[in-house]
Structure formats: C-alpha cells, structure tokens
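Worksheet for the structure shown next.
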2 protein chains.
Amino acid sequence: MAKTGERARAVPGSALDAVHFALDRSSPVPLYYQLAQQLEAAIEHGALAPGNLLGNEIDLSTRLGLSRPTVRQAIQSLVDKGLLVRRRGVGTQVVHSQVKRPLELSSLYDDLEAAGQGPTTDVLRNERVPATADVAAALGIAEGSEVTLLERLRATHGQPVAFLCNYLPPALLDLDTDRLGTTGLYRLLRSAGITLHSARQTVGARSATAEEAALLTEKEGAALLTMQRTAYDDTGRPVEYGTHIYRASRYAFDFQLLVRS
Amino acid sequence: MAKTGERARAVPGSALDAVHFALDRSSPVPLYYQLAQQLEAAIEHGALAPGNLLGNEIDLSTRLGLSRPTVRQAIQSLVDKGLLVRRRGVGTQVVHSQVKRPLELSSLYDDLEAAGQGPTTDVLRNERVPATADVAAALGIAEGSEVTLLERLRATHGQPVAFLCNYLPPALLDLDTDRLGTTGLYRLLRSAGITLHSARQTVGARSATAEEAALLTEKEGAALLTMQRTAYDDTGRPVEYGTHIYRASRYAFDFQLLVRS
DNA sequence: TAGTGGTCTAGACCACATT
DNA sequence: ATGTGGTCTAGACCACTAG
C-alpha cells in the first residue's frame, strides 16, 4: 500500500538511531531507569537536540527489546523532569530550552559550596530548650516539650551571609556541634537516614534590627531576606522548623519551578 | 489452609472498605484519574486518616473491577502529589501531615484573590519596546527586537502591594489593557491557550529607592522583596520575563516544595 | 513464610493530530 | 487514512518487610 513501493521508508531517523543504548538485564537497576538515564545523558551531551523527535514508542521498544510500558515508564520519568514533551498524534520531543536544574529543597550550605564559596559555619547554640508555641505548632508537638535549638552563623570568605535558627523534634538525633561546623544540617540529617520529602516555606523581607545588623555586619535598617521553613520526611512528619535571615546584599534564592498539570 | 478456617478473615478493614467508589467506564475521564480523584477526596474529607493503610493493590483492583496497573497508576499520582507513601512489604498509607497545597507557579493576583483581598490592578504601561540585553537574553531573542512591555501596580484595599514589570516575546499575544485591569497575566495567558510549564525564579531583597518608595507609599530605604522570573511553556520556549518588587510589609511568598527522589 | 509493592511483558482499543 | 501517544488488561516474577 505504501506509495513508495518497496523503497525503504525515508523516515527522519529520529536522531535516536545513532544513539546506542546498553541495557543490562542482570543489573539490579530497573530497565526503565537504565533507559531513562541513558536518554537523559543523550540529551545532556547533545546527541538529542531540542526539538528532536524521539521516534514512536512501539519501534523504540522493539528496537530495545523492551515492552512498550517499560519504554513509556522511562519516557514518562523524563517528561516529569521537564526534559521531554509528549504530543498525541505527533510524537515525543526534547524541550526547546536548556532547563536543567530541578527544583530542590535549597540547602544554603550546598548552594554556597556549589558556587565555590567555601562556606564556614559557627555554631552559636546547640542545646535542648522547651518548645515555644510557634515551634510546637510547626513541629506538631506539645508546647513546652523539649526540642533541639540550633543557632548558626554562616559565612563565606570571612563575611557573614546568614543567621540560621533551627528547631528539631525531641530525640530525633544528636547533633554533633563539630560536624555541624563542617557540613550542612540537611546533609547531616540525610546521613542519619532521614530523607526529606517536602517543605513549606515562607520567604519575605524586612529591615535589620540593631542586633541582627551587628551579627551580620550590616547597618541597622539594611534589607534582609527572611525565610521560615518546616520540612517533612516521607511519612509527612515534621522533621525541622527553621527561621533564617540572609544578608540581601550577599544572597538570593534561585530556583526552578515545575508547574503541576 | 487458613488457620481461621472458614471464618471471614479479620483483616483490619483497611479503612477503605467503607468508602464507596463510583467508576464510570463510559466517561471520557480515565479510570485511573477517577479513582485518584475519589481517593484524594476521601483523604481530604477524612474518610482516610493519616497513617491509614490503603489495603493491597491486588484486592483493591479486584474489588473495583480494575486491573492492577490501573490502580497503581491512580495511587502513583497521589504518591507524586505527596498524599500517599508506599512501603514495600508494608503497604500504602496516607501521609501523617496535612500537607495540602502543591507547589504552584505563584500568581500574585490569584494569591490575593484566594486570600479575599480583592486585588486591583493599574496598568501603567502596555506597549512595544525594543528588547534590552537582559530581556533579550531571558527570552532567547535578539537584542533590539520588539517585545511587549507591561508595567502594573497591584493593590488591595487601596493600598499598593507590588509593582510588576513584565516582558513578553513579540507576537505572542495582544494584551488587552482593560482585561489586565481585572485579572492576572497568567490567567490571560492561559485563556489564550498558552500553558505554563516551568519557571526560573530569583527571590531577593533590597532597600527601596526614592521612586520605588513613592510608587508603593513606603519610606525610602524600606525593605522590599524582589523577584525575577522567566516562565516557559510546555515546549521549553520562554513565554514571559518579569521583574517584580513587593512591599515586604504587606506580602511574602508562601509555597510548598516537594523533594525530587 | 506470607504478604506487600516493584518491575516487566504482550498484547488491545481509543482519541487525537496530521496528511 | 495513518500514525501517534493515552489508556487498559491479565497475567508474571522478584525484592523487601514482617511475624
């Protein structure tokens, strides 16, 4: 029925034919994940350029020796990441922009470290205190019950950047002051087996009080960026409540949002 | 083989037996989506309390007359939303916190309206101008090419809240100044068939200049919250670039993050 | 040992967009 | 009319967790 008769179909090639995929069925890594990673790598390093079609899922699955649902699962994970777009009746293509960094629960320490700023941390306080009303509400515990209070001053190149005040539920973990001086709180939580899952944040601004100004070596009345955050683990239990203030002259939040369909 | 003989198994009931699910196979709405919505409703209105087990997926699927993959798809969508947690060998349960609002590309207009603040908008400028270097870079177009410039002052109860400056790519759409006075930009874009997909934001703070102070009826030097945002559609093409300033005394960003696994 | 979710298969039919 | 992704089925085996 094909108009071109027996001639090989001059398909666009889908830009994916040149890419070699190596799937290891004996690996404990799921096949859909292996495929997703290799697709992502192909996009990242340019083998798949923005706008390129991926080729239909049926062909892809037979070519890879996988079932269509498995291939779909791989593709879907990249769609969720914002790297691919599906269009019914058209195909799947690479998004046109270089959107890369996903949204993250920003860790100030990691942010600064990634920027090569060599962050340092002074632990000002690390002790148990009774929970005030706002802290108790945020952590979902009784007012007056004991919580860990953590006050830290973070700096880069000897210049203060932020004052961090955090509260953790009782008996969650023992925080080693020494280790807090050399790493971030979230990394410490992670290494203790606590996986953060979500957080509620409020970001605002206000003028520095005299005390805050002295602490951060700003002038009284200087603009400060403020952030309150309650973080939850994967079961939805509050893990941390913090009140942070940042020198607006030296820090800003930078993040990427993905809109929920 | 059951130790209890013919007695009905005294299963915990899974708290889901009492919930009635109405699936309409003739509806154009996918079955997995119908199920997800009804599960979410059950969680929202308390029929499924935090910590409740959902019951295993096989039973659930036979009980609903669906296949397991379909039920899994419904459950997975709620897991992605952060409402459910899966634990291998244990089961699926409702998260322990009342995390509700997902992360959204915050629309100031919608935020204020949702808060019952009855926002008003003064359109100060709505015209075509040549793109400056920063605007051109953000929108991925040539410097000097024509873009739509939009300047708006937003207020509630007669009090200014924010000054919004936005740039849109050429020929994207014609913005009706009258409609901009009564709704938000994002809603206008949406009704024009443009679906936002992701955005890159930078949030900071600074002290108000004399002009800004006058515009927002603040004192010179007052703390302002600043936001720059580039928004992209679902193909990754830039759709809007904006520079906003907010009175810190009257506004803060409030949002929820979901950590990517 | 039993039960759970995690993964995977090999099909099927439908809705939508393009030609 | 054709080709695409969107949905759905009815199984299967495995890995992990619990008692």
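Chain letters run A, B, ... following the sequence lines, proteins first and then strands; every chain starts at 1. Everything numeric here is computed off the predicted structure, so don't read it as measured data.
Here the nucleotide nearest the side chain of B/T70, chosen from D/dG5, D/dT9, D/dA18, is D/dT9. Distance from the side chain of A/E57 is smallest for D/dG5 among the nucleotides D/dG5, D/dC8, C/dT7. Looking at the side chain of B/R68, the nearest of the listed nucleotides C/dG6, D/dT7, C/dA17 is C/dG6. Counting only heavy atoms from C-beta on, B/T92 has its side chain closest to C/dG5 among C/dG5, C/dT7, D/dG6.
When the options A/L83, A/L60, A/L78 are evaluated for a side-chain contact (heavy atoms from CB on, under 4.5 Å) with A/L39, the one that passes is A/L78.
Look at B/S67 and you won't find any side-chain N or O under 4.0 angstrom from OP1 or OP2 of D/dG11. For the OP1/OP2 pair of C/dG6 and a distance below 4.0 Å, the side-chain nitrogens and oxygens of B/R86 include at least one atom meeting the criterion. Proximity of A/Y32 to the phosphate of C/dC8: no side-chain N or O atom is located under 4.0 Å from OP1 or OP2. OP1 or OP2 of C/dT9 lies within a sub-4.0 Å distance of a side-chain N or O belonging to A/R25. The side chain of B/N56 places no N or O atom within less than 4.0 Å of a non-bridging phosphate oxygen (OP1 or OP2) of C/dG3.
Here the P atom of nucleotide D/dC8 and the CG atom of B/L35 are 10 Å apart, to the nearest Å. In this structure, A/L84 places its CG atom 16 Å from P of D/dT4, rounding to the nearest Å. Here C/dA12 presents its P atom at 11 Å from CD1 of A/I58, a figure rounded to the nearest Å. Atom CG of B/L23 is separated from atom P of D/dT7 by 15 Å (rounded to the nearest Å). Distance B/Q93 CD to C/dT4 C1': 12 Å, rounded to the nearest Å. Atoms CZ (B/R88) and P (C/dT7) sit 7 Å apart, rounded to a whole Å. When the P atom of D/dT7 is taken as reference, atom CZ of B/R72 falls 17 Å away, rounded to whole Å. B/I75 places its CD1 atom 7 Å from the P atom of C/dG5, with the value rounded to the nearest Å.
A/L64 places a side-chain heavy atom less than 4.5 Å from the side chain of A/F21. B/V95 is not listed as a side-chain neighbour of A/T235, based on a closest heavy-atom distance of 4.5 Å or more.
Across all strands shown, C/dA12 pairs with D/dT7; the Watson-Crick or G-U wobble distances both stay below 3.5 Å.
Using a 3.5 Å distance cut-off with no hydrogens or angles, the side chains of A/Y232 and A/E240 do not pair a donor with an acceptor.
At a threshold of 4.0 angstrom between heavy atoms, the contacts of A/L31 are confined to the sugar-phosphate backbone, with no base atom among them. When heavy atoms are screened at a 4.0 angstrom cut-off, B/P30 is found touching the sugar-phosphate backbone but no base atom. Nucleic acid contact class of B/R87 (heavy atoms, under 4.0 Å, all strands): sugar-phosphate only.
Under the 4.0 Å criterion applied to side-chain N and carboxylate O atoms, A/R87 and B/D234 are assigned as salt-bridge partners.
Without hydrogens or angle criteria, B/Q38 side chain to B/A22 main chain gives a donor-acceptor distance under 3.5 Å.
Heavy-atom nearest nucleotides on DNA chain D were determined for A/G89 and for A/Q76, and the one closer to the 5' end corresponds to A/G89. Checking A/V90 against A/L66, the closest nucleotide of DNA chain C that is more toward the 5' end is the one next to A/L66.
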